[in-house]
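Okay, so here's the structure we're looking at.
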Amino acid sequence: MTTQQPIYSPAHPQPQRGAGLAITGLVLGLCALLFSLIPLIGVIAWVLAPLGLIFGVIGLRARKGMAITGIATSAVALIICIAWLGSFASSVSELPKPPAVPARDSAPTGVPGIADGNAIADVKVTSCKLDDNPYFPSVKAQVEIVNSSDDLASYTATVSADAADGSRLGEGAVFSSKLQPGQKTTQEAVVMVNGKPSGNVTCAVVSADRLPF
């Protein structure tokens, strides 16, 4: 009678603990290195590189080669990111500064600047009529604007409407943009009034500004 010897299967080696961490560190390091070479998008490497360093250090005991490669690529990516940051900061510091503007007590007049107070001479009322619409009574003034300057200019003006007794009925505004030197335009200012004023109404230009655009 023969006795059967028990058959033993060879034991399979257990995967080393931490191998996955080493692989993760390697992948993160390679991705960080790739992104760090691309302008603007390289900001992603600021996140991937530190993670690659952490996983690589933890996985050193399991797979030393992969872990070291992950640590190295992550470190290089981080150095490249720091170099990009230094280059950007240097470029910003070298930008030309705007020239200092001397302080003024008041804006000059007669010069096409922010607002030209002498522009009122370029604006005049050519007609002033009462519109006795029963629902929306108003005074309509035709305003003529002539650009007397030597440059392209836009105008804003305020027109008043007064009753026969001198009381102010209201004010309206007119606008004109991009008039060439010597060019003329006619605009209408509408002044809404309450009720129907008695007697004739008169209109006048209260203020005007000339803008250099």
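Between Val159 and Ala141 the shortest heavy-atom distance is CG1-CB, 4.1 Å. Here the closest heavy-atom approach between residue Val206 and residue Ile120 is recorded as O-CD1, 3.8 Å. Between Glu171 and Val191, the shortest heavy-atom contact is N-CG1, 3.5 Å. The shortest non-hydrogen separation linking Ser36 to Cys81 is CB-SG, 4.0 Å. Ala189 and Val174 get closest at one heavy-atom pair: CB-CG1, 3.5 Å. Of all heavy-atom pairs spanning Ala45 and Pro50, the tightest one is O-CD, 3.9 Å.
Under the side-chain contact (heavy atoms from CB on, under 4.5 Å) test applied with Tyr155, the options Leu211, Asn147, Thr185, Asp209 reduce to a single match, Asn147.
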Stepwise side chain to side chain contact (heavy atoms under 4.5 Å, CB included) check, Val143 with Thr126 | CA-CA 6 Å; Val143 181; Thr126 57; over 6 Å; no
Kindly determine whether Ile145 and Gln187 satisfy side chain to side chain contact (heavy atoms under 4.5 Å, CB included), including the steps that lead there.
-> CA-CA 8 Å; Ile145 304 174; Gln187 305 291 332; 4.3 Å; yes
Kindly indicate, with the supporting measurements, whether the criterion side chain to side chain contact (heavy atoms under 4.5 Å, CB included) is fulfilled by Ile68 and Leu60.
-> CA-CA 7 Å; Ile68 292 177; Leu60 273 174; 3.7 Å; yes
So Lys178 and Leu152, side chain to side chain contact (heavy atoms under 4.5 Å, CB included) or not? Walk me through it.
-> CA-CA 6 Å; Lys178 297 182 179 180; Leu152 183 73; 4.1 Å; yes
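Between the Ser167 side chain and the Ala163 main chain, no donor and acceptor come within less than 3.5 Å of each other. The closest donor-acceptor contact from the side chain of Ser138 to the backbone of Val190 lies at 3.5 Å or more, if one exists at all.
Contacts of Cys128 classified as disulfide bond (SG atoms under 2.5 Å apart), with partners at least two apart in sequence or in another chain: Cys203. Scored by the salt bridge (charged side-chain N to carboxylate O under 4.0 Å, His left out) test, Lys124 finds Glu144 as partners (sequence neighbours excluded).
Residues Val139 and Leu169 meet the side-chain proximity criterion, which asks for heavy atoms closer than 4.5 Å. Side-chain atoms of Val125 and Thr202, non-hydrogen and from C-beta on, never get closer than 4.5 Å to each other.
The hydrophobic cluster containing Ile54 also contains Phe35, counting ILVMFWY residues as joined when their side-chain heavy atoms lie under 4.5 angstrom apart, directly or transitively. Put simply, Leu34 and Val47 are part of two different groups of oily side chains (I, L, V, M, F, W, Y) that touch within less than 4.5 Å, one to the next. In terms of hydrophobic clustering, with Ile, Leu, Val, Met, Phe, Trp and Tyr side chains grouped at heavy-atom distances under 4.5 Å, Ile82 and Ile71 are assigned to a common cluster. Under the 4.5 Å side-chain heavy-atom criterion for grouping Ile, Leu, Val, Met, Phe, Trp and Tyr, Trp84 is connected to Leu37 within one hydrophobic cluster. By the rule that hydrophobic residues join a cluster once side-chain heavy atoms approach within less than 4.5 Å of another member, Ile44 and Phe55 end up as members of one cluster.
The distance from the CG atom of Leu179 to the CZ atom of Arg210 is 10.5 Å, given to the nearest 0.5 Å. Taken from CG in Leu48 to CG in Leu53, the straight-line distance is 11.0 Å, to the nearest 0.5 Å. Note that CG of Leu78 and OG1 of Thr73 are 11.5 Å apart. Values are rounded to the nearest 0.5 Å. With values rounded to the nearest 0.5 angstrom, Asn200 atom CG is found 12.5 Å from Asp162 atom CG. For the atom pair Leu26 CG and Leu21 CG, the distance stands at 12.5 Å (nearest 0.5 Å). We find the CG-CD1 distance between Leu28 and Ile23 to be 12.0 Å, quoted to the nearest 0.5 Å.
By the 6.0 Å contact criterion, CG on Asp150 is open, its count of non-hydrogen atoms from other residues, nucleotides or ligands being 12 or less.
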